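Residue numbers begin at 1 in each chain, while the letters A, B, ... track the order of the sequences. What you are looking at is a predicted structure, and each value in this text was computed from that prediction instead of being measured.
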There are 2 protein chains.
Amino acid sequence: MPVPLYQAKAEFFRTLGHPVRIRVLELLQEGPRPVRDLLADLDVEASSLSQQLAVLRRAGLVGATREGNTVVYALSTPDVAELLRAARRILTEMITDQGGLLAELRGSGARAGSRTAPV
Amino acid sequence: MPVPLYQAKAEFFRTLGHPVRIRVLELLQEGPRPVRDLLADLDVEASSLSQQLAVLRRAGLVGATREGNTVVYALSTPDVAELLRAARRILTEMITDQGGLLAELRGSGARAGSRTAPV
DNA sequence: TCCGAATGTGCACAAGTCTTCAACTTCCGG
DNA sequence: CCGGAAGTTGAAGACTTGTGCACATTCGGA
């Protein structure tokens, strides 16, 4: 194993760890889109978007096709969309959970949660 | 919405974007474990592990309980384990895919893949 | 052919992340 | 009550990333 799996995983997550990249991926969930279009929705500089698109491309998460004057991007596999859905679900669950969790955490100081079965 | 959702998501993924943190989470999938134990498996300095555990704690992904002389960590919700499984599945799919994908990518230069339905 | 729009790239600088080291706290056994 | 083991924390320095800018490239149309 040249690159340990857990390191590949960490890199993969780091690739997702940028607001613009997340938004691009979410926009692409609905189908391929030209850069111009993404640019309109995202409110970042063109070159900045290009940089982030390059990161996603290198990571193999998206692919680009030139169509005449413009370049169209698309998710390279639907799995990406699936992962994003999983993340969204989990994240919102965690956030809503925190209503109850926070109380518990504050109440007991550093002796936090262990909500998983105690063996 | 104080923090836009896509930014929260990016932060969440960045939290996962570190080899030690990934490994800790994976070890904790099997149940709560004392720091000493993690330390034995991970081959990093104690203080370094502690730093990463602190990151995970702040992110709300794990919780710690002091038990006498030692501190025991546990996932704060089983959802985390679920996300890791999803990520592993997707990552391995992407890696195996790349056998075929790579050929396609190299063959057609920058005009890469759009494997999602063309609208 | 020449111009301008649409993108990508290289660079320098600001900002954030990791690792290491030393000091501190808590608990247990003697 | 003291010494040591288990963890945690804060700070400094090395390193990695993100951003904005100027410039190169590629097309399509006048």
| Are any non-hydrogen side-chain atoms of Phe12(B) and Leu16(A) less than 4.5 angstrom apart? | no
| said: For a quick check, with a 4.0 angstrom heavy-atom cut-off, what is the B/S/- contact string for nucleotides 1-15 of chain C, read 5' to 3'? | reply: -----SSBBBB----
| Side chain proximity check, Thr70(B) to Val35(B), heavy atoms < 4.5 angstrom | no
| task | State plainly whether the residues Asp79(A) and Arg89(B) are in salt-bridge range, i.e. N to O under 4.0 Å. | result | no
| field | Glu11(A) CD - dC18(C) P separation (whole Å) | value | 13 Å
| Protein-nucleotide distance (Leu16(B), atom CG; dC18(C), atom P), rounded to Å | 12 Å
| message | Can you measure Arg33(B) atom CZ to dG7(D) atom P for me and round it to whole angstrom units? | response | 13 Å
| said: Tell me whether the side-chain N/O atoms of Gln52(B) come closer than 4.0 Å to OP1 or OP2 in dT19(C). | reply: yes
| Would you say Arg21(A)'s side chain and Thr15(A)'s backbone share a donor-acceptor pair under 3.5 angstrom? | yes
| message | Without decimals, in angstroms, what is the distance between Gln7(B) CD and dG18(D) P? | response | 13 Å
| query | Within less than 4.0 Å of OP1 or OP2 of dG16(C), is there a side-chain N or O belonging to His18(A)? | reply | no
| Side chain to side chain, Arg14(A) and His18(B), heavy atoms closer than 4.5 Å | no
| said: Do Gln29(A) and Leu84(A) make a side-chain contact, defined as non-hydrogen atoms from C-beta onward lying under 4.5 Å apart? | reply: yes
